[in-house]
Student: 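Provided herewith is a single structure, encoded as structure tokens, for subsequent inquiry.
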Amino acid sequence: MLPQADSLIILDFETTGLSPNLGDRAIEIGAVKIESGQVVDTFQELMDPGFLISSFIQGYTGITNSMLKGSRSCSTVMYEFADFIRGSNLVAHNASFDKRFLEHELELVSSPHTGGEFACSLLLARRIYPNAPSHKLGELITYKNIPAKDGFHRALFDAEMTAKLWLKMIEDIKIEYQLAEVPFKLIMRICKAPKGSIGKVIEKWIRVHVNG
DNA sequence: TGCCAGGCCCTCTTTAGGGCCTT
């Protein structure tokens with residue numbers, strides 16, 4: 001079944017390190033699917049990278065080598081995830097990081113990237129909350145008073161928190177600029193807008209797409 | 001041998017450097 005036109009998937013990878021180019025692999029994927037502003041589906045799975053992960057990553061994520069030993073391989077999981085994201089636009093916090101791993105893992109299983117455009121909640125937060133003390137995911141959750149239990153650095157939890165932050169940012173944009181909807185293409189433009197020019201970007205969008 | 005990410009963004013910038021953010 002094809003996703004709705006406004007279907008959006010917020011995802012988060014836990015990995016063995018920072019760079020797939022240096023041999024790092026994904027060890028967990030978590031994602032939530034949002035349609036019409038509501039969470040309609042989730043995806044979470046650990047993945048065995050085929051080698052032991054460092055004590056730093058075990059401490060950082062809470063994911064241990066024994067947990068990964070009984071898990072399915074990256075390739076098996078990524079085949080299923082490619083199907084999960086098919087046709088949906090994507091969001092991640094610091095998307096350049098997750099995009100690199102997504103494309104790398106899909107390339108390893110010779111599966112084409114089936115998602116749509118990839119937006120970054122970090123770039124959006126920097127635009128609309130320039131005065132936030134930090135733009136780390138956890139700090140933004142606190143800054144916007146979004147309820148959260150302690151569970152950061154696990155994939156589904158971080159994806160769920162990013163989804164809540166994303167919906168909050170959309171709501172704040174709607175209120176600030178008196179918009180009924182905030183299309184994904186407009187968000188992409190806001191993310192790329194120079195500092196302090198969001199108002200002009202949105203005004204132009206309204207002129208062209210709302211007022212005709 | 002030793003080192004090793006990469007994109008964004010700011011400023012003491014643009015012929016550069018360093019902090020932020022992700023694991």
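Chain naming here is simple, since letters A, B, ... match the order of the sequence lines and numbering starts at 1 in each. Scope of the values below: all heavy atoms of this structure, side chains included, with no hydrogens, waters or symmetry mates.
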Student: Can you tell me the distance, in whole Å, between the CD atom of A/E139 and the P atom of B/dT22?
Tutor: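 In whole Å, B/dT22 P lies 9 Å from A/E139 CD.
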Student: Between A/R72 and A/E80, is the side chain to side chain contact (heavy atoms under 4.5 Å, CB included) condition met? List the steps.
Tutor: CA-CA 11 Å; A/R72 296 195 294 167; A/E80 291 184 11; 2.9 Å; yes
Student: Between B/dG19 and B/dC12, how far apart are the two P atoms, rounded to whole Å?
Tutor: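 Result for the P pair: 14 Å, nearest Å.
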Student: With the side chain of A/S96 defined as its heavy atoms from C-beta on, choose the nearest nucleotide among B/dG6, B/dC21, B/dC9.
Tutor: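 So the nucleotide nearest the side chain must be B/dG6.
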Student: Rounded to the nearest Å, what distance is computed from the CG atom of residue A/D24 to the C1' atom of nucleotide B/dT22?
Tutor: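 In whole Å, B/dT22 C1' and A/D24 CG are 12 Å from each other.
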Student: How long is the line joining NE2 of A/H153 and C1' of B/dT23, in whole Å?
Tutor: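 Atom-to-atom, A/H153 to B/dT23, this comes out as 9 Å.
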Student: Taking atom P in both B/dC4 and B/dC9, compute the distance separating them and give it to the nearest angstrom.
Tutor: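 Looking at atom P only, B/dC4 and B/dC9 are 25 Å apart.
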Student: Output the rounded distance in Å from CG (A/L102) to P (B/dT22).
Tutor: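 After rounding, the reported distance stands at 18 Å.
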Student: Using whole Å, what does the distance between atom C1' of nucleotide B/dG7 and atom NE2 of A/H93 come to?
Tutor: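 Going from A/H93 (NE2) to B/dG7 (C1'), I get 14 Å.
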Student: Does a donor on one side chain sit under 3.5 Å from an acceptor on the other, for A/H93 and A/T162?
Tutor: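 On atom types as modelled, these side chains do not qualify, holding no pair under 3.5 Å.
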Student: Are A/R154 and A/D158 ion-paired here, with the side-chain N under 4.0 Å from a carboxylate O?
Tutor: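 No, this pair does not count.
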Student: For B/dC3 and B/dG7, measure between their P atoms and round to the nearest Å.
Tutor: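 Those two atoms are separated by 23 Å.
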Student: Say we look at B/dT14 and B/dC8: how far apart would their C1' atoms be, to the nearest angstrom?
Tutor: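 Result for the C1' pair: 16 Å, nearest Å.
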Student: If you check the A/N21 side chain, which of B/dG6, B/dC21, B/dT23 turns out closest?
Tutor: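 Between B/dG6, B/dC21, B/dT23, the one nearest the side chain of A/N21 would be B/dG6.
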Student: At under 4.0 Å between heavy atoms, what does A/T16 touch on the DNA or RNA strands: base, sugar-phosphate, or nothing?
Tutor: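 It contacts nothing in the nucleic acid.
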Student: Looking for any heavy atom pair under 4.0 Å, which part of the strands does A/D98 touch: base, sugar-phosphate only, or nothing?
Tutor: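 Nothing: the residue A/D98, judged by heavy atoms under 4.0 Å, touches no strand.
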Student: Taking B/dT15 as the reference, what is the distance to B/dC20 when you measure between their P atoms (whole Å, please)?
Tutor: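 Each nucleotide's P atom is 25 Å from the other's.
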Student: Out of the candidates A/N65, A/I27, A/L52, A/L68, only one should pair with A/Q58 under the side chain to side chain contact (heavy atoms under 4.5 Å, CB included) rule; please name it.
Tutor: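 Checked A/N65, A/I27, A/L52, A/L68 against A/Q58; only one passes side chain to side chain contact (heavy atoms under 4.5 Å, CB included): A/N65.
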Student: Using atom CG of A/L140 as one end and atom C1' of B/dC20 as the other, report the distance to the nearest whole Å.
Tutor: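 In whole Å, B/dC20 C1' and A/L140 CG are 12 Å from each other.
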Student: Taking atom NZ of A/K144 as the centre, does the number of heavy atoms from other residues, nucleotides or ligands within less than 6.0 Å exceed 12?
Tutor: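 More than 12 within 6.0 Å, yes.
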Student: Write down the distance separating the P atoms in B/dG6 and B/dT1, rounded off to the nearest Å.
Tutor: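 That atom pair is separated by 23 Å.
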Student: Kindly say if A/N94 contacts the phosphate of B/dC8, meaning a side-chain N or O under 4.0 Å from OP1 or OP2.
Tutor: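 Answer is no, no contact under 4.0 Å.
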Student: Measure the distance from NE2 on A/H135 to C1' on B/dC21 and round it to the nearest whole Å.
Tutor: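 After rounding, the gap between these two atoms is 11 Å.
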Student: If you look at every strand shown and take non-hydrogen atoms under 4.0 Å, does A/F56 touch a base, only sugar-phosphate, or nothing?
Tutor: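 The residue A/F56 makes base contact.
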Student: Where does the angle between the aromatic ring planes of A/Y60 and A/H153 fall among parallel (under 30°), tilted (30 to 60°) and perpendicular (over 60°)?
Tutor: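 The arrangement is tilted - the two ring planes meet at 30° to 60°.
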Student: Please confirm whether the shortest side-chain N or O distance from A/R127 to OP1 or OP2 of B/dC9 is below 4.0 Å.
Tutor: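 Yes, such a contact exists.
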Student: Between A/S19 and A/L137, name the one whose nearest nucleotide on DNA chain B is closer to the 5' end.
Tutor: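 Its nucleotide being nearer the 5' end, the pick is A/S19.
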Student: What nucleotide, of B/dC4, B/dT23, B/dG6, holds the atom closest to the side chain of A/R100?
Tutor: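 Of B/dC4, B/dT23, B/dG6, B/dG6 is nearest to the side chain of A/R100.
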Student: For A/E103 and B/dG7, what is the distance between atoms CD and C1' respectively, to the nearest whole Å?
Tutor: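 Distance check: A/E103 CD to B/dG7 C1' gives 13 Å.
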Student: When rounded to the nearest Å, what value does the distance between P atoms of B/dG2 and B/dC21 take?
Tutor: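 The answer is 34 Å between these two P atoms.
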